[in-house]
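What follows is one structure encoded as structure tokens, with my remarks underneath.
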Amino acid sequence: LMQLVESGGGSVQAGGSLRLSCAASEYSYCMAWFRQAPEKEREGVASINIGRGTRGNLTWYDDSVKGRFTISQDTAKRMVYLQMNGLKPDDTAMYYCAARRQYCSALHGTDSYPYWGQGTQVTVSS
């Protein structure tokens with residue numbers, strides 16, 4: 001069973017930056033970051049196809065984070081990162097790493113990912 005461990009969350013002021021990391025115990029084909037704010041549904045933030053080649057390293061972003069967040073990977077280390085710049089109070093949420101054993105073709109919903117981490121909290125103050 002694949003295990004995912006997130007790290008890098010914290011508290012920052014608006015306009016600040018954080019980098020989240022996700023360590024996977026096994027290789028996968030697509031990994032993603034989701035977030036869930038209190039009393040809101042979990043929503044996709046960004047996803048990336050793992051590896052190189054025709055479908056590898058393709059990325060997708062939610063419109064709310066385009067131009068501010070960047071998802072990247074280190075395949076050899078089985079790591080995925082989320083660089084978050086220009087953080088806003090609306091970005092405050094628990095951030096989760098997710099993985100699936102098929103390539104992604106979009107920012108898929110939660111049902112498309114069978115493997116999840118425990119989450120890391122991001123708090124942005126105004």
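Side-chain contact between Thr92 and Gln121: present, with at least one pair of heavy atoms (C-beta onward) separated by less than 4.5 Å. The closest side-chain heavy-atom distance from Leu18 to Val12 is below 4.5 Å. With a 4.5 Å cut-off on side-chain heavy atoms, Leu20 and Met84 count as touching. Side-chain atoms of Thr59 and Thr70, non-hydrogen and from C-beta on, never get closer than 4.5 Å to each other. The shortest distance between side-chain heavy atoms of Leu82 and Arg19 does not fall below 4.5 Å. Between Asp91 and Arg68, some side-chain heavy-atom pair lies under the 4.5 Å cut-off. Contact check for Ile50 versus Thr75: side-chain heavy atoms found under the 4.5 Å cut-off. Between Glu26 and Arg101, some side-chain heavy-atom pair lies under the 4.5 Å cut-off.
Distance check: Asp63 CG to Leu107 CG gives 9.5 Å after rounding to the nearest 0.5 Å. Separation of atoms OG (Ser125) and CG (Leu87) is listed at 10.5 Å; rounding is to 0.5 Å. The structure places OG of Ser28 at 9.5 Å from CG of Asn49, a figure rounded to the nearest 0.5 Å. The CD atom of Gln83 sits 5.5 Å away from the OG atom of Ser17 when rounded to the nearest 0.5 Å. The structure places CD1 of Ile71 at 8.0 Å from CE of Met31, a figure rounded to the nearest 0.5 Å.
Using modelled atom types, one finds a donor on one side chain and an acceptor on the other under 3.5 Å when comparing Arg35 with Ser64.
Applying the ring-ring contact (aromatic ring centres under 6.0 Å, His included) criterion to Trp116, with sequence neighbours excluded, gives Phe34. Applying the ring-ring contact (aromatic ring centres under 6.0 Å, His included) criterion to Tyr27, with sequence neighbours excluded, gives no partner residue. Taking the salt bridge (Lys or Arg N to Asp or Glu O under 4.0 Å) definition, one finds that Asp111 meets it with nothing, sequence neighbours left out. Applying the salt bridge (Lys or Arg N to Asp or Glu O under 4.0 Å) rule to Lys88 yields no partners; only residues at least two apart in sequence or on another chain are considered. By the side chain to side chain donor-acceptor pair (under 3.5 Å) test, Gln102 is found to be paired with no residue, residues two or more places apart in sequence or in another chain being considered.
For the pair Thr120 (side chain) and Gly9 (backbone), a donor-acceptor distance under 3.5 Å is present. Side-chain N or O atoms of Ser25 include one that pairs as donor or acceptor with a backbone N or O of Gln3 at under 3.5 Å. Looking at Ser21, its side chain never comes within 3.5 Å of a backbone N or O of Ser7 through a donor-acceptor pair. Side chain of Arg100 to main chain of Tyr103: a donor-acceptor pair is present (N/O by atom type, distance under 3.5 Å, no hydrogens or angles).
Hydrophobic clustering (side-chain heavy atoms under 4.5 Å, transitive across Ile, Leu, Val, Met, Phe, Trp, Tyr) keeps Tyr113 apart from Ile48. Residues Val45 and Tyr115 share a single hydrophobic cluster, defined by chaining ILVMFWY side chains whose heavy atoms lie under 4.5 Å apart.
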Verdict with supporting geometry, Trp33 and Glu6, side-chain contact (heavy atoms from CB on, under 4.5 Å): CA-CA 10 Å; Trp33 288 97; Glu6 304 98 333; 3.8 Å; yes

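Legend: ring pair (Phe, Tyr, Trp, His ring centres under 6.0 Å) pairs involving residues 53-99, not counting sequence neighbours: none detected.
A pairwise comparison of heavy atoms in Ala99 and Pro114 identifies O-CD, 3.3 Å as the closest pair.
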